[in-house]
Amino acid sequence: MTVPCVRVPRERGEAARKRIAELDALSGTYEIEVVDGDIYIPLDESADLDALVSEFDVVDRDVDRRETQTLPADILGFEPSYERLGDIAIIDEDDDERARGIAEAIADSDLPLDTVVNRASPIEGELRIRNWDLLVGDSTETVHREYGCEFEVDIAEMYFSPRLATERRRVVKQVEDGEQFFDMFAGVGPFVIPAAKQGAECVGTDLNEAAIEYLRRNAERNNVAERVTAIHGDVREISGYDDWADRLVMNLPHSADEFLETAVELAGDDCVLHYYDIQHESDPFGPGERAIREAAAPDYEVTVQTKHEVRSYAPHELNVCLDVRFRR
Ligand code: SAM
């Protein structure tokens, strides 16, 4: 079927598609095509062609009727690997050209993804942030939805991993109405916000001021601001919460052991600790359990309730969680 299409070079495809969508001129009936470095974007019957011609190269072209959603694999000819966070697609490609090709295909597909970023560094530093190459789009900020909660997050400014959604759900399901919940490394609040929604009185601390600002916004956004206290700073220097917590979350896996003294200070008479760790597969729980027992003695009786494998972290390394009960 011959229809009017905007023709643009591939690298300008996403910007053009967005502009055409803004003008309400994007066809939902015909497939976008990529031929010899150009993208052909079919226009809707109702499109104002005169207005479009002044902005774009409009040509008549024989294009296929859309049968299903166009996915990145349809454009690329192979299945790319990417992770979704709100409207951001996150890829992990060493080869820049391959990364650009995947990014363009994601942008040209029917997926509701406006931004594509490639990992440009490991997660680094105390704030646990990584660098990104922004390949499509103009912002690293998005809104991620998880089990009925919404999280505003800027991945260039703060840590966030959508991969931990199931694990967070596992922990939050244990939260009881009215309990005092303390997240020592709260980030934008993916534990705090759902815990507050379950009726807990929550405190979240983080060294990253931007993350704390987003945690406050997320508390408002999810209508739990009255049950959330967000504190910027080093959790070891926070005062006013000694013996306070019924539940503690420690998600700083590489160095949580350095914060166990603080955890013991924050723990109430009967407190459950969710302690995240990354260890060799030969003994993934041993080092954490020994460190916890040492820190809790002699004030608390310690019971390990669950030894849970969260995910594989690297070859032979596991990300694990120990759920531990402290009784004074
Ligand atoms: N709990 C959040 C989540 O699951 O998305 C964030 C976890 S992230 C692995 C660890 C967080 O700990 C980072 O946001 C970092 O800024 C924060 N952090 C690191 N050192 C800290 C400290 N001494 N006191 C408070 N927060 C700290």
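Predicted model, so just to flag it, every value in this text is computed and none were measured. Atoms considered below: every heavy atom in the structure, side chains included; atoms not considered: hydrogens, waters and symmetry mates. Order of appearance sets the numbers: ligands from 1, and atoms from 1 within every ligand.
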*Asks:* For T70 and I75, run side-chain contact (heavy atoms from CB on, under 4.5 Å): C-alpha distance rounded to whole Å, both residues' side-chain angles, the deciding distance at 0.1 Å, then the answer.
*Replies:* CA-CA 8 Å; T70 303; I75 298 170; 3.9 Å; yes
*Asks:* With distance as the sole test, does R293 use its side chain to make a donor-acceptor pair with the main-chain N or O of V302 at under 3.5 Å?
*Replies:* yes
*Asks:* What pairs meet the ring pair (Phe, Tyr, Trp, His ring centres under 6.0 Å) rule with one or both residues in residues 286-305, with sequence neighbours excluded?
*Replies:* Y300-F326
*Asks:* Between C5 and R61, which heavy-atom pair has the shortest distance, and what is it?
*Replies:* SG-CB, 4.0 Å
*Asks:* Please verify the inter-ring angle class for F182 with Y241; under 30° counts as parallel, over 60° as perpendicular, anything in between as tilted.
*Replies:* perpendicular
*Asks:* Go through it in stages, so that I can follow the logic: the residues are W132 and T115, the test is side-chain contact (heavy atoms from CB on, under 4.5 Å), and I'd like the CA-CA distance, side-chain angles, deciding distance and then a yes or no.
*Replies:* CA-CA 12 Å; W132 303 98; T115 303; over 6 Å; no
*Asks:* Pairwise, report which nitrogen or oxygen atoms of ligand 1 are under 3.5 angstrom from protein nitrogen or oxygen atoms, and how far apart they are.
*Replies:*
| from | atom 1 | to | atom 2 | distance (Å) |
| --- | --- | --- | --- | --- |
| ligand 1 | 1 (N) | F185 | O | 2.7 |
| ligand 1 | 4 (O) | N251 | ND2 | 3.0 |
| ligand 1 | 14 (O) | D206 | OD1 | 3.3 |
| ligand 1 | 14 (O) | D206 | OD2 | 2.7 |
| ligand 1 | 16 (O) | D206 | OD1 | 2.6 |
| ligand 1 | 23 (N) | D234 | OD1 | 3.1 |
| ligand 1 | 24 (N) | V235 | N | 3.0 |
| ligand 1 | 26 (N) | L207 | N | 3.1 |

